[in-house]
A.B. asks: 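Pasting a structure here, questions to come.
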Amino acid sequence: MYWSKLFIPTLRENPAEAEVVSHQLLLRAGYIRQLAAGVYNYLFLAQRSILKITAIVREEMDAIGAQEMLLPALNPAEVWQESGRWTIMGDNMFRLKDRFGRDMCLGMTHEEVMTSIARGELRSYKQMPQIWYQIQTKFRDEPRPKSGLLRVRQFIMKDSYSFDMGPEGLDVAYNKHRDAYCRIFERCGLQFVIVEADSGAMGGSKSNEFMVRSEAGEDFVVECKGCGYAANLEKAVGKPSAPLASDPEGDLAPEEFHTPGQKTIAEIAAFTGLPETSQMKSLVMAADGTLVLALVRGDHQLSETKFASAVGAVEVRPAHPEEIRQAFGADAGSLGPVGVSKIRVIADLALQGRKNMIAGANKNDYHLRNVTPGEDFKPEFFDLRQVVTGDACLQCGKPVEMYKTVEIGHIFKLGYKYSKSMGLHVTNEGGEEITPIMGSYGIGVERILSSAVELYADKDGMSLPPAIAPFFVVVTPVNIKAGPQMEMSQKIYQACKAAGLDALFDDRDERPGVKFKDADLIGAPWRVTVGKKLAQGKVEVVNRRTKQSTDVAIEDVVTFLKGQ
RNA sequence: CGGGGCGUAGCGCAGCCUGGUAGCGCACCUGCCUUGGGCGCAGGGGGUCGGGCGUUCAAAUCGCCCCGCCCCGACCA
């Protein structure tokens, strides 16, 4: 293609609204333009890149026997009501009414629709198993779209769904997907890690996320370099550091003491001269509207995800000050577990076996010393604590690391949630009706592009992996007024195309600096510069990422590029 | 939804505090010049100052309301 004829609106300066690198560069390089918060136009370059990504996704999905479908983005409320997610999705779902007042929504994901197809058509074990997928636009009314294409309200997702006769079959489908995802992300040129993940509102047992390390991400991953353990922070486990002071010996009874104005863990630590690890932190949470008292060690953080999964709640929030006062007769800062009877008390495992600790007295400005879990109150123990950097790995004992990531894929063992609620049955070999087991597997297409931009950006712009760059090579004549340069550029461009290389011919009447800057910005992996060395029958082939320039004889250019 | 910020030419911004002719850089158009990293010279076009209401002789500027966008938090199959 001829650059002079294309619409590639590059910008010299960073648009003010863009904060993260991928957002800045996608705008500057003319890939995207914003239409509304979290809604983007994908211009020519973005579309080319997306088509390359989806082509890879298709090949790998087809290779595991998955069948592509195209499903409605516009859904009737009924299927979502059947699964119960019409309510659960809350404000995250775009909703509308048709002219007759019927409730409709824009699909956030397609478990319900896929299951509705399956229950109408799948009858016998002979039709099983099935893997169906789609590459389509999904809609989520995100409370806060941000970071360019990383968190948006309308995006392209590859979603697949597996239907199997039983758990063994699901294992097979799950592993096929895990392998296919690895191939997809490798082919896209990404560096990624597979982590254990929380299943959240999707329901189901096991799930893994595919993460790309990036400061622009929103998820934290805990990883052990020793044994390879890796998990989303929401799910991660680790062995906490030992308490800084040993607990007082003896079978002591709780004893109230005055702590005027001392509310925070740090204040109590300073006041008593005992470290934070000697305290119990009392957090009152509302779990689906019911108050629960959660206890963690003074220096630890409560993981809301673990808390929600421990109490089996969908919606979790800190209790309001009025709720706390009403239930405990004291305010946050003086709360504790002793004497609490009407409220469920759960405690983190790090408190198991501890004794004679400090906790609030449920009386403003008073605390208790010598509080022993299991004696002075009887909590249910769960893993509730958020892992921190430096915790010992549970598997190998080495200290764990933590870093920010972008989630590019997520695979779930769904179980029977949708097949059961929506009445999917098939007959097995013995003639009995069984409920198939399902899996669901997603890939965020724009996130592949964004995370590749993030991963390989430098001061000059993007440096995309060849497989997903909109063009593989840009052929640039230094001076288009110089006839031989122009002719030779054209020839090289044609030869590249004939050899199957995705080439762009920068025939614009611009100064060389402008053309070099633009080529760097849009991130094509290679540039062929046709200039003064033409006299010796040579051109320069420049590697975008390494900036290394090689003089190559004209007749060898295509071979050289093909060999890369 | 809570906190903060912004909205003036396509982009980046100044002007607003202290009301009185709407400005700068880049981009764009024309001509000349130039051609190895966003070149130079000359000329030119482009603005409901986010919207509404109000105060005032007079509002980009002051007040109230609304809308949009960004950031932090909450949220995030």
Side-chain angles (χ1 to χ4, degrees), chain A residues 9-20 23-24 27-28 30 33-40 80 83-85 88-93 107-112 114 138-148 150-153 155 157 159 161 197-204 207 209 217-219 232 234 304-305 308 314-318 320 406-407 409-412 414 417-418 439-444 447 459-461 476-482 485-486 506 508-521 527 529-534 539-540 542 547 549:
Chain A
T10 59
L11 302 171
R12 189 189 293 243
E13 288 163 297
N14 270 327
E17 72 264 18
E19 193 91 351
V20 305
H23 190 196
Q24 293 175 340
L27 286 167
R28 275 194 60 202
R33 287 293 183 266
Q34 186 174 41
L35 182 62
V39 180
Y40 286 86
W80 290 83
S83 72
R85 293 207 295 180
I88 290 171
M89 290 307 185
D91 289 337
N92 273 347
M93 182 141 79
M108 308 175 68
T109 169
H110 280 77
E111 280 79 8
E112 282 82 356
M114 284 288 191
K138 312 253 168 167
F139 299 86
R140 291 183 199 174
D141 195 358
E142 289 288 343
R144 183 146 100 80
K146 57 186 255 196
S147 307
L150 286 174
R151 179 157 294 279
V152 288
R153 297 195 293 171
F155 55 97
M157 177 162 256
D159 241 351
Y161 303 89
D198 184 67
S199 306
M202 281 296 290
S207 96
E209 289 168 328
E218 303 181 281
D219 286 298
N232 192 305
E234 295 178 341
E304 289 201 8
T305 309
V314 175
E315 200 191 308
V316 161
R317 61 167 170 84
H320 302 310
V406 172
E407 177 189 350
H410 200 160
I411 55 179
F412 290 90
L414 278 180
K417 178 174 166 142
Y418 301 91
S440 102
Y441 318 87
I443 288 179
R447 283 186 176 182
K459 66 174 174 35
D460 294 311
T476 308
V478 170
N479 181 358
I480 69 163
K481 303 268 168 58
Q485 282 187 23
M486 199 58 179
D506 193 352
R508 293 176 298 166
D509 184 11
E510 290 285 356
R511 295 180 59 82
V514 173
K515 293 194 273 197
F516 295 159
K517 289 283 185 198
D518 274 346
D520 287 351
L521 188 57
R527 187 181 78 222
T529 307
V530 182
K532 57 196 174 202
K533 287 173 190 156
L534 194 56
V539 295
E540 285 160 50
V542 184
K547 305 285 166 62
S549 172

A.B. asks: Quick one: look up who B:rU56 pairs with, Watson-Crick or G-U, both distances under 3.5 Å, and put none if it's unpaired.
C.D. replies: none
A.B. asks: Counting only side-chain heavy atoms from C-beta out, which of B:rC76, B:rG36, B:rC39 sits nearest to A:Lys532?
C.D. replies: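 Closest of the options to the side chain of A:Lys532: B:rG36.
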A.B. asks: Only counting residues at least two apart or in another chain, list the ones meeting salt bridge (Lys or Arg N to Asp or Glu O under 4.0 Å) with A:Lys532.
C.D. replies: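 Checked A:Lys532 against salt bridge (Lys or Arg N to Asp or Glu O under 4.0 Å); zero matches.
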A.B. asks: Quick one: do the A:Lys146 and A:His23 side chains pair a donor with an acceptor below 3.5 Å?
C.D. replies: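 No, because no side-chain N or O of A:Lys146 sits under 3.5 Å from a partner of the opposite role on A:His23.
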A.B. asks: Checking base pairs now: Watson-Crick or wobble, both atom distances under 3.5 Å. What partners B:rU35?
C.D. replies: none
A.B. asks: With respect to the side chain of A:Val514, which nucleotide from B:rC70, B:rG38, B:rG36 is positioned closest?
C.D. replies: B:rG38
A.B. asks: Ignoring hydrogens and angles, answer whether the base of B:rG37 and the side-chain atoms of A:Asp520 contain a donor-acceptor pair closer than 3.5 Å.
C.D. replies: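 Per atom types, the contact qualifies.
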A.B. asks: With a 3.5 Å limit on both atom pairs, tell me what B:rC1 is paired to, counting Watson-Crick and G-U wobble, or say none.
C.D. replies: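 Pairing partner: B:rG73.
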A.B. asks: Is any side-chain N or O of A:Gln34 under 3.5 Å from a base N or O of B:rG68, one able to act as donor and the other as acceptor?
C.D. replies: no
A.B. asks: Could you work out which one of B:rC69, B:rU35, B:rC76 sits closest to the side chain of A:Val478?
C.D. replies: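 Nearest listed nucleotide: B:rU35.
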A.B. asks: Answer yes or no for A:Arg527 and A:Phe516: cation-pi contact, defined as NZ/CZ to six-membered ring centre under 6.0 Å and angle to ring axis within 45°.
C.D. replies: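 The answer is yes, since A:Arg527 meets both limits relative to A:Phe516.
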A.B. asks: Once salt bridge (Lys or Arg N to Asp or Glu O under 4.0 Å) is applied, do any residues pair with A:Arg511, and if so which ones, sequence neighbours excluded?
C.D. replies: none
A.B. asks: Using the C1' atom as the reference point in each nucleotide, state the distance between B:rA9 and B:rG45 in Å, no decimals.
C.D. replies: 11 Å
A.B. asks: If you measure only the distance, is there a donor-acceptor pair under 3.5 Å linking the side chains of A:Asn232 and A:Glu209?
C.D. replies: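 Yes, side-chain donor-acceptor contact under 3.5 Å.
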A.B. asks: Output the single nucleotide from B:rU35, B:rG36, B:rC69 whose closest atom is nearest the side chain of A:Glu17.
C.D. replies: B:rC69
A.B. asks: Taking for each residue the nucleotide of RNA chain B with the nearest heavy atom, is it A:Ala16 or A:Gln485 whose nucleotide lies nearer the 5' end?
C.D. replies: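 Between the two, 5'-proximity favours A:Ala16.
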A.B. asks: On a plain distance test, is the side chain of A:Arg144 in donor-acceptor contact with the base of B:rG4 below 3.5 Å?
C.D. replies: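 No pair found.
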A.B. asks: Any donor-acceptor pair under 3.5 Å joining the side chain of A:Glu540 to the base of B:rG36?
C.D. replies: yes
A.B. asks: Taking the C1' atom in each of B:rU61 and B:rU55, what is the distance between them to the nearest angstrom?
C.D. replies: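 After rounding to an integer number of Å, I get 13 Å for this pair.
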A.B. asks: Quick one: the side chain of A:Arg151 and the base of B:rC76, do they pair up donor-acceptor inside 3.5 Å?
C.D. replies: yes
A.B. asks: Counting any heavy atom closer than 4.0 Å, what does A:Lys138 reach on the DNA or RNA strands: base, sugar-phosphate only, or nothing?
C.D. replies: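 The answer is nothing, as A:Lys138 stays clear of every strand by at least 4.0 Å.
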A.B. asks: Taking for each residue the nucleotide of RNA chain B bearing the nearest heavy atom, is the 5' side occupied by A:Asn14 or by A:Ser549?
C.D. replies: A:Asn14
A.B. asks: Determine: side-chain N/O of A:Arg12 to OP1/OP2 of B:rA27, distance under 4.0 Å, yes or no.
C.D. replies: yes
A.B. asks: Quantified in whole Å, what is the P atom distance between nucleotide B:rA27 and nucleotide B:rA59?
C.D. replies: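 Those two atoms are separated by 36 Å.
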